[in-house]
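Single-structure report; data block below.
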Amino acid sequence: MEKGLIPRDRFTESSQTYFLTHLHTDHIQGLTSKWGKGSLFCSKLTAKLLPFKFPDFNLSLLQVVDLHIWHSFSLISPTTRSQITAHVMAFDANHCPGVMFLFCREFGCLMYTRDFLWEVDSERAKDARSRLLNVLKNETVDVLYLDNTYCNPSYDFPTREVVDIIASHPEHDIVIGIDTLGKEELLIHISRVLNIKIWVWPERLQTMHLLGFHDTFTTKTSLTRVRAVPRYSFSVETLEGLNIREDYPTIGIMPSGLLWVLKPVKGDGNLFGSLLISRYKKRQPSDKLDGNLGYVERYHQYMFSIPYSDHSCFTEIQEFIELVQPTNMKGIVSSSSCYMLTHFTTSVAFVV
DNA sequence: GCGATCAGCT
DNA sequence: CACAGCTGATCGC
């Protein structure tokens, strides 16, 4: 495609079209309540959530892109000034929620995953896979712009372990750190497996309702011992405070893909003979990038970190690339690109 | 006084 | 390093 015709979710610059994949802060820079630069293409769900973030947003500027259906839009060629018709299709990115965009026009296709989680095993994953293959049998992706955040074989995110932690602390209150959007699937999973409601703060409950989750979450503390709270509102100190009263022992769980963000507290490792300590290997500093990171760490008496992310892990990225078979590829996270070069150069050329 | 942007932190 | 923010300072209106 010609330069200047590549749509992307960056809103500070002037552009002919604007595409919004999801509402995480790092993807809406330049977007405000007073937005007026032009039409904004996004999914139906993002359109529902957007006024929650930007109350005065002019909703007539939103162009809803339904999933799995081609939408046409017009562009002016920067070189010939002639009008071009381009087509866009959105796919579920399983991220917070978010979508991926496939752009096509006469001379080729581009695919932008932005932040995405490409599931491999579930029924939903099979459906997503067949839908994508069905579209790509007629189209070749010239450049795949890929979420390579965790593009390293070390990364794996098993979700079962968080349930194990909660189940093995039947007398404890549980506090889980989350953000304003994202990690819904993890909470749903916990709720379903343990048959328990999950407390969230009032604004988060509204968001959950907008996302279509009407039964799982509550703002009544009396209904559950599991609370999902803003990540920034609790810390080891908060938990220590809660545990001063012995009638409500509380443990905290921090789900994150970036495990080394959570630094273990020194001298705290072997004091607690719980089941979990013996089940999960204690991570050594040298394990950071070459060992398997996929296990739970109890890095404080009351705090656990679990490997979990709304981004794809390595095997999921691998499967996605094999499915799309792009001619060229570019990672959106520069520091991870070296791993992409290491692992995928045999089949795909890189755009630097 | 408000919103937008940025530095610093996690 | 970097997830997806948060807090606080500063600047323009």
Side-chain angles (χ1 to χ4, degrees), chain A residues 9-13 20-37 46 49 52-58 93-98 113-117 146-157 159 162 175-187 200-201 203-204 207 228-239 252-265 283 285-291 293-294 297 299-300 303-314 316-317 331-342:
Chain A
D9 53 355
R10 184 171 301 169
F11 307 98
T12 46
E13 296 164 15
L20 173 63
T21 57
H22 66 290
L23 283 170
H24 275 157
T25 310
D26 53 335
H27 289 261
I28 55 175
Q29 296 300 304
L31 207 55
T32 69
S33 278
K34 298 189 177 94
W35 174 259
K37 285 186 177 177
T46 296
L49 292 167
F52 200 62
K53 196 138 198 149
F54 302 116
D56 301 326
F57 201 93
N58 179 0
N94 292 310
H95 182 91
C96 90
T113 68
R114 286 302 167 184
D115 291 356
F116 86 128
L117 191 158
L146 179 74
D147 173 11
N148 58 326
T149 307
Y150 297 118
C151 192
N152 183 296
S154 306
Y155 291 110
D156 189 18
F157 305 123
T159 58
V162 68
V175 177
I176 305 169
I178 58 168
D179 290 311
T180 52
L181 266 182
K183 310 247 184 338
E184 288 82 17
E185 291 297 324
L186 176 67
L187 301 178
V200 288
W201 63 102
E203 292 80 6
R204 197 56 153 107
T207 302
V229 306
R231 189 160 49 99
Y232 278 84
S233 78
F234 91 107
S235 62
V236 166
E237 287 73 29
T238 321
L239 285 172
I253 296 173
M254 280 290 193
S256 175
L258 297 167
L259 287 187
W260 56 92
V261 166
L262 305 166
K263 294 190 175 68
V265 177
R283 178 150 39 97
S286 59
D287 289 334
K288 267 186 183 177
L289 285 176
D290 38 37
L293 299 185
E297 175 165 3
Y299 75 103
H300 178 270
M303 188 78 96
F304 293 83
S305 70
I306 60 152
Y308 184 87
S309 177
D310 286 339
H311 294 261
S312 302
C313 70
F314 180 76
E316 292 161 344
I317 294 172
I332 61 171
V333 181
S334 57
S335 68
S336 293
S337 295
C338 52
Y339 298 118
M340 281 178 62
L341 286 166
T342 310

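Each chain gets a letter, A, B and so on, in the order the sequences are listed, and its residues count up from 1.
Between the CD1 atom of I28(A) and the P atom of dT5(B) there is a distance of 11 Å, rounded to whole Å. Whole-Å rounding puts the L117(A) CG to dC3(C) C1' distance at 14 Å. Residue D179(A) contributes atom CG, which lies 7 Å from atom P of dC6(C) at whole-angstrom precision. Rounding to whole angstrom units, CZ of residue F57(A) and P of dA4(B) are separated by 12 Å. D26(A) has its CG atom 12 Å from the P atom of dA2(C), to the nearest Å. Residue Y232(A) contributes atom OH, which lies 9 Å from atom P of dT7(C) at whole-angstrom precision. Spacing between atom CG of D115(A) and atom P of dC3(C) amounts to 8 Å, rounded to whole angstrom units. F54(A) has its CZ atom 19 Å from the P atom of dC2(B), to the nearest Å.
Heavy atoms of D310(A) sit nowhere under 4.0 angstrom from any nucleic acid atom. At the heavy-atom level, T32(A) lies under 4.0 Å from the strands shown only through sugar-phosphate atoms.
The distance from atom SG of C151(A) to atom CG of L146(A), rounded to the nearest 0.5 Å, is 6.5 Å. Expressed to the nearest 0.5 Å, how far CD of E185(A) lies from CG of N94(A) amounts to 7.0 Å.
Here dG5(C) is the nucleotide among dG5(C), dG3(B), dC3(C) with the atom lying nearest to any side-chain atom of T25(A).
Neither side chain, D115(A) nor H24(A), offers a donor N or O lying under 3.5 Å from an acceptor on the other. A donor atom on one side chain and an acceptor atom on the other are found under 3.5 Å apart for H311(A) and D147(A).
Residue H95(A) places at least one side-chain N or O closer than 4.0 Å to OP1 or OP2 of dA4(C). For the pair H311(A) and dA4(C), the criterion of a side-chain N or O lying under 4.0 Å from OP1 or OP2 is met. In this model, the phosphate group of dA4(C) is not approached by any side-chain N or O of T180(A) to a distance below 4.0 Å at OP1 or OP2.
Between W35(A) and F57(A), the ring planes are parallel. Angles under 30° get that label, and only those over 60° would be called perpendicular.
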